[in-house]
Amino acid sequence: MKNIHIKNGHVIDPANGVDGINDLYLADGKVLAVGAVSAEFAAGFSADQTIDATGLIVSPGFVDLSARLREPGFEYKATLESEMQAAMQGGVTTLICPPDTDPVLDEPGLVEMLKYRAQKLNQAHVHPLGALTMGLKGEQLTEMSALTESGCIGFSHAEQPIEDTNVLLRAMQYAKTFGYTVWLRPQDAHIGIGGVAASGPLASRLGLSGVPVMSETIALHTIFELMRASGARVHLCRISAAASLELIRKAKAEGLPVTCDVGAHHIHMTDADIGFFDSNARMAPPFRSQRDRDAIRLGLLDGTIDALCSDHTPVDDDEKLLPFGEASPGATGLELLLSLTLKWADDYAATQDTGAQRPLSRALARITSEAARVAGLAAGTLSVGAVADVVLFDAGAHWTVEASALASQGKHTPFLGYNLAGQVQTTIVAGYVAYQR
């Protein structure tokens with residue numbers, strides 16, 4: 001492992017309130033020092049590699065709370081190799097993977113195999129979520145303790161709602177007993193199922209089946225009641241509506257142990273971006289009204305929303321180049337996470353009163369320290385002694401989102417053709433330079 005000296009960079013570490021021109025010293029895969037060092041330290045530190053970061057932002061590696069790597073089972077959509085390279089190109093050094101693979105991540109052997117394959121590539125740290133029930137069928141609970149021993153950091157039902165609330169209650173009671181976090185995307189098992197766009201005038205005009213906001217809010221009411229009964233810790237995935245955020249604010253004020261995230265696409269897009277049935281804008285949950293989008297932006301600012309995720313879901317041409325209602329939902333996001341986060345900071349956070357914390361630092365917290373806190377991981381920080389996951393990026397460099405610019409095997413995103421700011425120059429994982437532009 002190399003000793004690395006990163007000099008003259010604008011170091012931003014939200015976890016420690018660092019925001020200024022500093023040097024960074026890495027050794028043995030760990031952060032050795034940040035900022036000014038003593039003459040004795042400088043004399044004793046021998047750098048194998050010096051990186052001049054003048055004009056660049058130096059931040060902790062990004063932590064992504066939802067990235068589908070498509071293995072095992074969906075290698076025709078993407079491979080571990082392609083998506084890990086996309087992560088490196090996007091500065092994402094820690095990935096949390098939902099369990100809806102094929103076969104489902106409901107057995108320890110499958111989890112161990114995924115982690116082993118990921119470790120061999122020597123790129124991002126991969127942390128799987130185990131399935132809450134066998135086969136995600138909502139009937140029989142998985143062996144959560146065995147899955148935890150094999151490397152799962154929490155338990156999820158991915159995109160499948162659990163119809164039987166008794167099963168969900170038992171799962172939450174089990175999770176509470178052992179201190180596990182349950183990750184749920186709130187959606188009713190019946191209302192809105194099969195819908196492809198947000199219910200409203202636009203969906204009606206286009207003749208698209210709708211997913212009403214109450215599909216999300218009814219599920220939230222149920223989840224919060226079960227939390228009160230069980231005491232379980234719950235993370236809510238990819239919130240899409242203003243009404244949902246009001247319920248989450250009240251639950252947090254009540255003291256329920258709940259956190260939530262939102263997909264990076266949803267802080268910019270609305271249902272109007274479907275345009276003339278653009279299947280690249282087919283997402284789950286669907287894009288909602290401008291009011292919902294603005295509420296999400298504000299929720300990120302006031303802390304109701306704890307973290308941003310890429311919601312990376314690569315989809316191949318055969319499943320995307322179809323009529324809107326028949327296309328598979330999802331978009332590539334790993335390489336867009338930084339740019340969409342910076343765009344939020346520029347568009348919105350900069351116009352609001354953010355107190356002492358600058359908009360860029362506040363935005364980066366949502367994809368570094370805050371995301372790591374939600375996942376319960378020792379990541380997303382440049383604290384001395386922390387694992388040396390570091391990203392160097394040019395916040396002012398612009399790039400055009402096009403298929404040829406994406407390392408991911410999934411080339412579909414509603415941002416195709418957009419010119420975005422923010423380009424990763426170097427990604428360091430555990431002290432190893434894994435990517436350089």
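When reading the values below, keep in mind they use all heavy atoms of this one structure, side chains included, and skip hydrogens, waters and symmetry mates.
Q49 places no side-chain N or O within donor-acceptor distance of the main-chain N or O of K2, the cut-off being under 3.5 Å. In this structure, K320 contributes its side chain and S328 its backbone to a donor-acceptor pair below 3.5 Å. The backbone N or O of M144 lies less than 3.5 Å from a partner atom in the side chain of T148, making a donor-acceptor pair. Side chain of T332 to main chain of T413: no donor-acceptor pair is present (N/O by atom type, distance under 3.5 Å, no hydrogens or angles). Between the side chain of D389 and the main chain of A430, a donor-acceptor pair closer than 3.5 Å is present. Of the possible donor and acceptor atoms, none in the side chain of Q425 sits under 3.5 Å from a partner among the backbone N and O of D394. Between the side chain of R293 and the backbone N or O of M269 there is no donor-acceptor pair closer than 3.5 Å. In terms of modelled atom types and a separation under 3.5 Å, the side chain of S361 and the main chain of R358 share no donor-acceptor contact. For the pair D278 (side chain) and N280 (backbone), a donor-acceptor distance under 3.5 Å is present.
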### Query
What's the verdict on side chain to side chain donor-acceptor pair (under 3.5 Å) for H412 and D316, showing C-alpha distance, side-chain angles and the deciding distance?
CA-CA 8 Å; H412 296 280; D316 67 343; over 6 Å; no
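Sequence neighbours left out, the pairs with a member in residues 280-329 that pass ring pair (Phe, Tyr, Trp, His ring centres under 6.0 Å) are H266-F287.
Using modelled atom types, one finds a donor on one side chain and an acceptor on the other under 3.5 Å when comparing D19 with H10. Donor-acceptor pairing under 3.5 Å is recorded for the side chains of E83 and S408. In the model, D100 has no side-chain atom that pairs as donor or acceptor with a side-chain atom of H157 under 3.5 Å. A donor atom on one side chain and an acceptor atom on the other are not found under 3.5 Å apart for W183 and S66. A side-chain N or O of T259 and one of H235 form a donor-acceptor pair less than 3.5 Å apart.
Residues D318 and Y76 are not in side-chain contact: their nearest non-hydrogen atoms beyond the backbone lie 4.5 Å or more apart. Using a 4.5 Å heavy-atom cutoff, the side chains of K77 and E319 are in contact. Contact annotation: the side chain of F276 never approaches that of L206 to less than 4.5 Å [non-hydrogen atoms, C-beta and beyond]. In this structure, L184 and L168 have side chains that are in contact, with non-hydrogen atoms separated by less than 4.5 Å. Between P186 and I239 the shortest side-chain heavy-atom distance falls below 4.5 Å. Using a 4.5 Å cut-off on side-chain heavy atoms (C-beta onward), Q89 and R437 make contact. In this structure, the side chains of T381 and T368 stay at 4.5 Å or more apart for every pair of heavy atoms. With a 4.5 Å cut-off on side-chain heavy atoms, D306 and D261 do not count as touching.
The two residues V213 and A243 have their closest heavy-atom pair at CG1-CB, 3.9 Å. Residues P212 and I191 approach most closely at CG-CG2, 3.5 Å, considering heavy atoms. Of all heavy-atom pairs between S240 and R288, the closest is OG-NE, 2.9 Å. Taking each heavy atom of V58 and G9 in turn, the nearest pair found is CG2-CA, 3.9 Å. Summarising the geometry of A284 relative to E159, their closest heavy-atom pair is CB-OE1, 3.9 Å, with the distance given to 0.1 Å. A pairwise comparison of heavy atoms in S209 and G194 identifies OG-O, 3.3 Å as the closest pair.
K252 NZ: more than 12 foreign heavy atoms inside a 6.0 Å radius. Atom CD of E402 has more than 12 neighbouring heavy atoms from other residues, nucleotides or ligands inside a 6.0 Å radius.
Contact check on R185 versus D311 returns no salt bridge, with no Lys/Arg side-chain nitrogen under 4.0 Å from an Asp/Glu carboxylate oxygen.
Taken to the nearest 0.5 Å, the CG atom of L95 stands 10.0 Å off from the CD atom of Q123. Atom OG1 of T341 and atom CG of D346 lie 11.0 Å apart (nearest 0.5 Å). Atom-to-atom distance recorded for L202:CG and T270:OG1 is 8.0 Å, nearest 0.5 angstrom.
Remark: D106 engages no residue in a salt bridge (Lys or Arg N to Asp or Glu O under 4.0 Å) (not counting sequence neighbours). Qualifying salt bridge (Lys or Arg N to Asp or Glu O under 4.0 Å) partners for R70, counting only residues two or more places apart in sequence or in other chains: none. Residues forming a side chain to side chain donor-acceptor pair (under 3.5 Å) with T304 (at least two apart in sequence, or on another chain): R249, D302. H127 is linked by a ring-ring contact (aromatic ring centres under 6.0 Å, His included) to nothing, counting only residues two or more places apart in sequence or in another chain.
Below 30°, between 30° and 60°, or above 60°: for Y180 and F155 the angle between ring planes is between 30° and 60°, a tilted geometry.
A side chain to side chain contact (heavy atoms under 4.5 Å, CB included) with V390 is found for exactly one of L382, D13, I51, V11, namely L382.
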What side-chain donor-acceptor pairs closer than 3.5 Å can you find for residues 108-117, not counting sequence neighbours?
residue	atom	partner	partner atom	Å
K115	NZ	V126	O	3.0
R117	NH1	E81	OE2	3.4
R117	NH2	E71	OE1	2.8
R117	NH2	E71	OE2	3.1

